[in-house]
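Accompanying notes for the structure given below.
Here is how names work: the chains are called A, B, and so on, in the same order as the sequence lines, proteins then strands, and each is numbered from 1.
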Amino acid sequence: MIEPRTLKGFRDHLPAQALARERLLDIARRVYRSYGFAPIDTPALEYLEILVGKGSEETDRQLYRFRDHGGRDVGLRFDLTVPFARFAAQHVHELGLPFKRYHMAPVWRGENTQRGRYREFVQCDFDTIGTTSPVADLEMVLVVHDLFVAIGIERFTIRLNDRRVLTGILTRLGLAARGPHVLRSLDKLAKVGAESVAAELAAQGVGADAAATLLEMASLTGPPATVLAALERLVGETEIGRTGVAALRVLVERAEQGGVGGGRLAVDPSIARGLDYYTGLVLETFLDDLPTLGSVCSGGRYDDLAGLYTKQPLPGIGASLGLDRLLAGLEELGCLDARETPADVFLPYFDERHLVDYLRIAAALRAGGVAVELYPEPRKLGQQLKLAAKRGFPTALVIGSDELAAGTAQWKDLHAQTSTMIDWHGDLAVLVDAVRSGLSARH
RNA sequence: GUGGCUGUAGCUCACUCGGUUAGAGCACCGGUUUGUGGUACCGGGGGUAGCGGGUUCGAAUCCCGUCAGCCACCCCA
């Protein structure tokens with residue numbers, strides 16, 4: 001006997017979870033499309049050279065790689081951005097610019113697992129390439145906002161920053177060359193506290209004054225306007241810094257005008273996101289009730305997406321929703337539906353002599369757009385209803401020989417445990433109408 | 001990849017210093033006389049104590065390895 005098991009960081013998805021996942025995918029798809037992003041897809045497997053091109057040690061370590069049967073060195077994609085870069089370089093001529101795409105697919109990383117961190121997980125990316133317009137930046141924020149609202153999450157915060165602000169401050173302090181290390185230390189502020197960070201900075205040779213300035217920057221909180229005012233002071237006369245602050249100010253203002261509600265936008269200078277390739281706006285999204293889960297949707301602006309694969313500069317901006325991480329969060333918060341069935345109507349196979357009637361009723365409902373499950377065996381009605389309730393069917397349609405003779409049906413609300421009678425006179429169209437209006441009244 | 005904690009029925013857990021056939025709740029299946037479900041009662045299936053090895057007369061209980069989960073580092077969705 002082979003022991004049934006799954007690899008570390010790889011998971012099965014039972015119906016309740018799979019339904020929740022599909023719901024999130026549907027919502028993301030709808031929101032992305034509502035802004036005109038078009039779907040694309042790319043292979044899970046790429047030539048190794050495509051994936052390691054960016055070549056940080058970290059991605060190398062996390063990469064699932066092997067030699068295929070034809071002797072090619074290949075790897076599983078670890079994000080959707082690198083394949084998109086390759087895709088864009090390969091197809092720009094067919095796409096036209098600017099180009100907006102979304103891509104929802106699994107990625108693989110051989111790193112250590114943790115809550116909300118898996119080795120196989122789904123990302124839902126959207127990017128706009130071929131334009132440096134701030135409108136695209138704004139749109140990214142709006143999409144993220146719409147996404148979480150559409151999912152039904154009330155309490156979330158989109159944290160914004162601009163790499164140019166960081167660069168400005170670091171330049172002013174004469175630390176531009178050591179940027180990555182300094183930012184990495186600052187990133188830990190929320191976790192380890194100011195003292196530890198200060199010690200770490202000192203160890204890196206950062207002077208006390210500079211360290212104090214950096215800590216002040218990373219500790220800034222409050223309404224965006226307040227933080228921006230402080231940042232304006234901190235970037236001093238550096239041109240790049242002033243540009244960054246100005247861009248953030250305009251962005252926040254327009255986003256608020258665009259309907260992003262109070263408190264959901266924050267300017268957070270400690271966000272350093274993607275220490276290498278982001279060059280402008282950076283964004284992270286947190287669930288207010290579960291901040292330790294980490295960002296569930298992150299992104300930013302980059303000067304050149306595909307420089308490794310083409311000489312044509314492709315500036316762009318985009319973000320990625322971590323579907324599986326978000327799902328882990330929603331599950332922990334008890335926000336997930338317990339339903340295990342996608343069907344709205346359960347139809348007991350009640351009276352053995354009337355199978356044909358049941359088939360006809362089910363067919364009519366389906367033709368009318370109602371998902372209905374007919375139980376496959378004429379078991380005891382009680383058992384069938386019990387199963388239906390357990391599966392989370394909202395309703396059941398009980399029709400026995402008495403009902404068929406009278407042209408009626410018992411329409412059960414399985415949650416409320418109530419029952420109403422539908423009088424359809426043997427006319428299927430009437431029955432379907434009654435069920436449809438009954439179901440839509442529930443929502 | 002490094003370090004720490006954890007691992008007993010599907011789930012949550014119990015089993016006093018290592019000592020007879022490892023228990024409970026929930027869940028599941030069946031029944032309470034043949035057409036009506038979350039309550040009640042009765043009955044039932046299910047665990048080689050993650051897996052492998054060692055110490056011991058004897059281990060769920062101690063030791064080692066391994067796999068998995070969680071936490072931290074790192075990184076990130």
Indicate yes or no: does A/Asp344 engage A/Arg339 in a salt bridge with an N to O separation below 4.0 Å.
yes
Please determine whether any donor N or O and acceptor N or O are separated by less than 3.5 Å between the side chain of A/Arg109 and the base of B/A77.
yes
Measure CZ/A/Arg115 against C1'/B/C71 and give the value in whole Å, please.
10 Å
If you look at every strand shown and take non-hydrogen atoms under 4.0 Å, does A/Glu403 touch a base, only sugar-phosphate, or nothing?
base
Stepwise side-chain contact (heavy atoms from CB on, under 4.5 Å) check, A/Phe393 with A/Glu373:
CA-CA 9 Å; A/Phe393 280 92; A/Glu373 177 173 335; 3.3 Å; yes
Taking the inter-plane angle between the rings of A/Tyr349 and A/Tyr358 on a 0 to 90° scale, is it parallel (under 30°), tilted (30 to 60°) or perpendicular (over 60°)?
perpendicular
What's the CZ-C1' distance between A/Arg117 and B/C70, to the nearest Å?
13 Å
Length of the line joining A/Glu373:CD and B/G37:P, which is rounded to integer Å
19 Å
How far, in whole Å, is B/C76 from B/G52 if one measures between their C1' atoms?
35 Å
Does the pair A/Asp137/A/Arg301 count as a salt bridge with the N-to-O cut at 4.0 Å?
yes
A/Phe121-B/A77 aromatic stacking (under 5.5 Å, under 30°)
yes
Quote, to the nearest angstrom, the P distance that separates B/U48 from B/G43.
25 Å
Could you give the distance separating B/U6 and B/C63 at their P atoms, to the nearest angstrom?
10 Å
Remember a base hit wins even if backbone is also touched, and classify A/Asp324 as base, sugar-phosphate or nothing at under 4.0 Å, heavy atoms.
nothing
Send over the distance from A/Glu111 CD to B/U2 C1', rounded to a whole Å.
14 Å
More than 12 foreign heavy atoms under 6.0 Å from NZ of A/Lys8: is that the case here?
yes
Distance between P atoms of B/A77 and B/U16 (Å, rounded):
47 Å
With heavy atoms under 4.0 Å as the rule, sort A/Gly392 into base, sugar-phosphate or nothing.
nothing
Expressed as a whole number of angstroms, how long is the span from A/Glu332:CD to B/C71:P?
8 Å
Quiz item: A/Gln383 side-chain donor-acceptor pair to B/G31 base, under 3.5 Å:
no
Pair A/Arg109 + A/Asp79: basic N to acidic O under 4.0 Å:
no
Whole-Å distance separating the CD atom of A/Gln62 from the C1' atom of B/C74
9 Å
Under 4.0 Å, counting only non-hydrogen atoms across every strand here, what does A/Gly110 touch: a base, just sugar-phosphate, or nothing?
nothing
For A/Ala389, report the nucleic acid contact type (base, sugar-phosphate, nothing); a contact means any heavy atom under 4.0 Å.
base
5' precedence on RNA chain B between A/Gln123 and A/Gln114 (nearest-nucleotide basis)
A/Gln114
P atoms of B/G19 and B/G31, separation to the nearest Å:
42 Å
When the nearest nucleotide of RNA chain B is assigned to A/Val296 and to A/Lys390 on a heavy-atom basis, which residue is associated with the more 5' position?
A/Lys390
Would you kindly give the CZ-to-P distance between A/Arg21 and B/A77, to the nearest whole Å?
17 Å
Counting distance alone, no hydrogens or angles: does the base of B/A77 have a donor or acceptor under 3.5 Å from a partner atom on the side chain of A/Glu284?
no
Separation of B/A77 P from A/Phe78 CZ (nearest whole Å)
11 Å
Reckon A/Asn112 touches a base, only the sugar-phosphate, or nothing at all at heavy-atom distances under 4.0 Å?
base
Looking only at N and O atoms, is any donor in the side chain of A/Lys412 or the base of B/U36 less than 3.5 Å from an acceptor on the other one?
yes
Applying a 4.0 Å non-hydrogen cut-off, can you work out what A/Gly294 is touching in the nucleic acid: base, sugar-phosphate, or nothing?
nothing
At 4.0 Å (heavy atoms only), tell me whether A/Thr113 reaches a base, stays on the sugar-phosphate, or touches nothing.
sugar-phosphate
Between A/Tyr102 and A/Phe37, is the ring centre distance below 6.0 Å?
no
What's A/Asp125 touching, base or sugar-phosphate or nothing? Going by heavy atoms closer than 4.0 Å.
nothing
Students often get this wrong, so: under 4.0 angstrom with heavy atoms, is A/Arg391 touching a base, only sugar-phosphate, or nothing?
nothing
Regarding the side chain of A/Lys8, the nearest nucleotide among B/G35, B/C76, B/G69 is B/G69
Check every strand shown and say whether A/Leu414 touches a base, only sugar-phosphate, or nothing at a heavy-atom separation below 4.0 Å.
base
Any strand counts, and the cut-off is 3.5 Å on both contacts for Watson-Crick or G-U wobble. Which nucleotide pairs with B/U61?
none
